Participant: 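Please read through the structure below; I'll follow up with questions.
None of these values were measured; they are calculated from a predicted model. Per chain, numbering begins at 1; letters A, B, ... match sequence-line order.
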Amino acid sequence: MSTALSEQEILRRESLQQLRELGINPYPAEEYKVTAFAQDIADNFERFPDNYKKVTLAGRIMTRRIMGSASFAELQDSTGRIQVYLKRDDICPGEDKTLYNTVFKKLMDIGDYVGVKGFVFLTQTGEISVHVQELALLSKALKPLPVVKRDEEGNIHDGFTDPEMRYRQRYVDLTVNPEYKQIFINRSKVISSMRDYFNKQGWFEVETPILQPVHGGAAARPFVTHHNTLDMPLYLRIANELYLKRLIVAGFDGVYEFGKMFRNEGMDRTHNPEFSAMEIYIAYKDYIWMMAMVEQCLEIVARAVHGIPVVQVGANEINFAGPYEKLSMYDSIQKYTGIDVSAMDEAALRLTCNELGIEVDSTMGKGKLIDEIFSAKVESNLIQPTYITDYPIEMTPLAKKHRTKEGLVERFELFVNGKEIANAYTELNDPIDQRERFEEQLILAGRGDFEAMAMDEDFLRALEYGMPPTSGLGIGIDRLVMLMTNQVTIQEVLFFPQMRPEKKAKVATADDFINIGVPSEWVPVLNKMGFNTVEELKAANPNKVFNDLGGMRKKLKLDIIMPMKEVVMAWFE
RNA sequence: GAUUCCGUAGCUCAGCUGGUAGAGCAUAACACUUUUAAUGUUGGGGUCCUGGGUUCGAAUCCCAGCGGGAUCACCA
């Protein structure tokens, strides 16, 4: 990609200069008092035309159709697009037609922010439009926007679709593809409806550390950083579970946190290195109570986004109204493979995995092996919301042992559309049991499982002071939003998904070239020749550069003085 | 990390078995007072991702790298 300015960018900078010469500030400071919005006019003008006899709108020019002394343009504001009609003699009532002929027709471009005052009317073809009486430039755009065209059937032509460009330049994406804004509006509704629901129950929103000395609460590889003053490593949290439980110890009955978690693992269409989770802990409850709470909560969320609890996700219609199907982990494996793994030891599980064609390695313990079978054979079948309950103790070091079933813990995960979206326990509050579980994790870590949990002495100390019986829940917000907005990639529900850094070509400023003696009018020519830095220029053959300068001068028909050969040679000293 | 596809104008994309780089939109000029993917005429605009190789000759074939997509693995 060329680093020098494109022809269109140069033209827009020239327009900027001409605007200033005409006494028009392309970036005015004053407030612009907007009184109307595109969507509102579209919805209400025909019923209440009298309300729109004097309107002020602001937004970007998205298309222009100029026909001599009259023009149509489309103005896009935060709510949508509306056509505006400009007539030369209306916006320029006097002799001076500069505002229309020069400013609007020549110096304004697609992408510029403008303000218009006028009245709403219906054109001969029946389109609601604003007849402009006053036009103001609010902000000049120096880069041309991609022009996405939509025809009468709503077909998109010349779409701005390259995912890389859309994610890297989300500001362009949402400008020219405003329909994607709805995903983020719905994301906000998911979060705000959950928060409202929790607050109404009297639960307390809290914030806990993101920089943690011990990364606990989940099985994942962390990002490590370093604190200079304390001269110690710190980890970006992979979970906030252990801190929220400390707050239950502290005496809060219900605490919840929406926040970013960070996991130093793979990136794909369902994983971003930082992702949002909601965790909530309620004292004196158990995981059975939590299932009912989740059903209520998710129905509220689905209704907040869609008005009904039924959500179309791909080919499936998913109903978030409870109660949801409940299936124990072992029963679910039995149901979808016909194999009863409940009594198997590690060796038998390993054999079963081999028979099912599931790859395993020596670091995997019993819990992990069962999880492998579940992931491979069960998960994708769970389309309607389904609770999988009662996990083997080995894979869940923070959950309480099952009240009746030996070797299991009180845990459920909620699966929807074949994906896990929530995880909940009756929390382990027996400090001695908790210490033993951490010790088992250390053994797994010793076997090479770098996702095994670390010992957290302070958390154990808190439990030793006493934590009431508690149930806790975590929900992956990004995945929930994907479900609620029918998106298959996490990137579509994140404004700024993680990307590899863009390779920036170094470009020297014009001053750098002028400092070594290049006349300013020749700097763009050097850039055009591919010399973006002084170093690049100095590495070239001086004689060839001198000759090429002459060639470029001729080719570009430049009316500038050719520098003397000695001057050019001096650049290279 | 593996496999695979892709990278050409500001944007969307053509470009055959290797032979001087194309279209639409955008942009510039002119015309046009109700258009709407406005229209008509005439222009300008390119490091064909980067670096090597093969060849008389590479956007095209080969190798390597960079970036992206998809699938898989790890994971939420």
Participant: Could you verify whether a donor N or O on one side chain and an acceptor N or O on the other, from A:Arg60 and A:Gln76, lie under 3.5 Å apart?
Facilitator: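 A:Arg60 vs A:Gln76: no donor-acceptor pair found between side chains.
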Participant: For the side chain of A:Thr161, counting heavy atoms from C-beta on, which of B:A76, B:U27, B:C13 is nearest?
Facilitator: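 Within the option list, the nearest is B:C13.
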Participant: Taking only the P atom of each, what is the distance from B:A26 to B:U12 in whole angstrom?
Facilitator: 15 Å
Participant: For nucleotides B:G10 and B:A28, find the distance between their C1' atoms and express it as a whole number of Å.
Facilitator: 14 Å
Participant: With a 6.0 Å cut-off on the ring centroids, do A:Phe495 and A:Phe184 count as close?
Facilitator: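 Yes, the ring centres sit under 6.0 Å apart.
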Participant: Between B:U27 and B:A38, how far apart are the P atoms? Round to whole Å, please.
Facilitator: 11 Å
Participant: Once the angle between the rings of A:Phe121 and A:Tyr85 is folded into 0 to 90°, is it parallel (under 30°), tilted (30 to 60°) or perpendicular (over 60°)?
Facilitator: tilted
Participant: So which one's nearest nucleotide on RNA chain B is more toward 5', A:Glu372 or A:Gln124?
Facilitator: A:Gln124
Participant: So, under a plain 3.5 Å distance rule, would you say the side chain of A:Gln83 forms a donor-acceptor pair with the base of B:U35?
Facilitator: yes
Participant: Scan A:Phe121 against the nucleic acid and name what it touches under 4.0 Å (heavy atoms): base, sugar-phosphate only, or nothing.
Facilitator: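 The answer is base, as A:Phe121 lies within the cut-off (heavy atoms under 4.0 Å) of a base atom.
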Participant: Check every atom of B:C11, B:U35, B:A26 against the side chain of A:Glu127 and return the nucleotide holding the closest atom.
Facilitator: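 The answer is B:U35, which lies nearest to the side chain.
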Participant: Apply side chain to side chain contact (heavy atoms under 4.5 Å, CB included) to residues A:Met293 and A:Leu473 and explain how you reach the verdict.
Facilitator: CA-CA 10 Å; A:Met293 191 279 261; A:Leu473 163 79; 4.1 Å; yes
Participant: Using whole Å, report how far CD1 of A:Ile388 lies from P of B:A76.
Facilitator: 16 Å
Participant: Check every strand shown and say whether A:Glu420 touches a base, only sugar-phosphate, or nothing at a heavy-atom separation below 4.0 Å.
Facilitator: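 Counting heavy atoms under 4.0 Å across all strands, the contact made by A:Glu420 is with sugar-phosphate only.
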Participant: Of all the nucleotides listed (B:A26, B:A76, B:C11), which has the minimum atom distance to the side chain of A:Glu265?
Facilitator: B:A76
Participant: What is the separation between atom NE2 on A:His131 and atom C1' on B:U33, rounded to the nearest whole Å?
Facilitator: 10 Å
Participant: Please state the C1' separation for the pair B:A59 and B:G46 - nearest whole angstrom.
Facilitator: 11 Å
Participant: Return the value, rounded to whole Å, for the distance between atom CD1 of A:Ile61 and atom P of B:U27.
Facilitator: 11 Å
Participant: Between A:Lys260 and A:Glu274 (salt bridge meaning N to carboxylate O under 4.0 Å), is one present in this structure?
Facilitator: yes
Participant: Do A:Glu492 and A:Arg166 sit within salt-bridge range, that is, some charged N less than 4.0 Å from a carboxylate O?
Facilitator: yes
Participant: In whole angstrom, what separates A:Arg13's CZ from B:U27's P?
Facilitator: 17 Å
Participant: Go ahead and name the base partner of B:U47; Watson-Crick or wobble counts if both distances stay under 3.5 Å, otherwise write none.
Facilitator: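 B:U47 is paired with nothing.
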Participant: Report which part of the nucleic acid A:Lys106 touches: base, sugar-phosphate, or nothing (heavy-atom distance under 4.0 Å, all strands).
Facilitator: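 A:Lys106: backbone/sugar contact only, no base atoms under 4.0 Å.
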Participant: Set out, in order, the CA-CA distance, both residues' side-chain angles and the distance that settles side chain to side chain donor-acceptor pair (under 3.5 Å) for A:Asp43 and A:Gln39, then state yes or no.
Facilitator: CA-CA 6 Å; A:Asp43 291 344; A:Gln39 187 66 52; 3.1 Å; yes
Participant: Whole-Å distance between B:A76 P and A:Tyr391 OH?
Facilitator: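 Spelled out: OH on A:Tyr391 to P on B:A76 is 11 Å.
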Participant: Would you tell me whether A:Asn272 and A:Asp478 have side-chain atoms, one donor and one acceptor, within less than 3.5 Å of each other?
Facilitator: no
Participant: Counting only Watson-Crick or G-U wobble pairs whose two distances fall under 3.5 Å, which nucleotide matches B:C30?
Facilitator: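 B:C30 is paired, partner B:G40.
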Participant: Going by purine N1 to pyrimidine N3 plus the second Watson-Crick contact, or the G-U wobble pair, all under 3.5 Å, which nucleotide sits opposite B:A59?
Facilitator: none
Participant: What's the gap between B:C11 and B:C56 when it is taken at their C1' atoms, as a whole Å value?
Facilitator: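 Looking at atom C1' only, B:C11 and B:C56 are 38 Å apart.
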Participant: If we take the C1' atom in both B:A9 and B:U4, what is their distance in whole Å?
Facilitator: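 Taking atom C1' in both B:A9 and B:U4, they lie 29 Å apart.
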Participant: For the side chain of A:Phe160, starting at C-beta, report the closest nucleotide among B:C11, B:U34, B:U27.
Facilitator: B:C11
Participant: In whole angstrom, give the distance that lies between atom CE of A:Met108 and atom P of B:U27.
Facilitator: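 Nearest whole value for this atom pair: 14 Å.
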Participant: Base, sugar-phosphate or nothing for A:Gly476? Non-hydrogen atoms, less than 4.0 Å.
Facilitator: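 A:Gly476: no heavy atom of the nucleic acid under 4.0 Å.
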Participant: Picking from B:U34, B:A76, B:C11, which would you name as closest to the side chain of A:Phe72?
Facilitator: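 Nearest to the side-chain atoms of A:Phe72, counting from C-beta on, is B:U34.
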Participant: Strictly under 3.5 Å: I want the nitrogen or oxygen pairs between protein and nucleotides 68-70 of chain B, one per line.
Facilitator:
from  : atom 1 : to       : atom 2 : distance (Å)
B:G68 : OP1    : A:Arg500 : N      : 3.2
B:G68 : OP2    : A:Arg500 : NH1    : 2.9
B:G68 : O4'    : A:Glu164 : OE1    : 3.1

Participant: Separation of A:Arg65 atom CZ from B:C25 atom P, in whole Å?
Facilitator: 15 Å
Participant: Are A:Tyr287 and A:Tyr387 an aromatic pair, judged by ring center distance below 6.0 Å?
Facilitator: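 Distance test on ring centres: not under 6.0 Å, no.
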Participant: Touch check for A:Asn264, heavy atoms < 4.0 angstrom, all strands: base, sugar-phosphate only, or nothing?
Facilitator: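 The answer is nothing, as A:Asn264 stays clear of every strand by at least 4.0 Å.
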Participant: Taking the P atom in each of B:U60 and B:G51, what is the distance between them to the nearest angstrom?
Facilitator: 12 Å
Participant: I'd like to know if A:Glu179 and A:Lys181 make a salt bridge, using a cut-off of under 4.0 Å between side-chain N and carboxylate O.
Facilitator: no
Participant: For B:C61 and B:A31, measure between their P atoms and round to the nearest Å.
Facilitator: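 Per the computed distance, 48 Å lies between those P atoms.
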Participant: Please classify the nucleic acid contact of A:Asp268 as base, sugar-phosphate, or nothing, using heavy-atom distances under 4.0 Å.
Facilitator: base
Participant: Atom CE of A:Met267 to atom C1' of B:A73: distance rounded to whole Å?
Facilitator: 16 Å
Participant: Write down the partner of B:U3 under the Watson-Crick or G-U wobble criteria, each distance required to be under 3.5 Å.
Facilitator: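 Here B:U3 is engaged in a pair, and the nucleotide opposite it is B:A70.
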Participant: Please work out if A:Ile66 contacts a base, only the sugar-phosphate, or nothing of the nucleic acid, heavy-atom cut-off 4.0 Å.
Facilitator: base
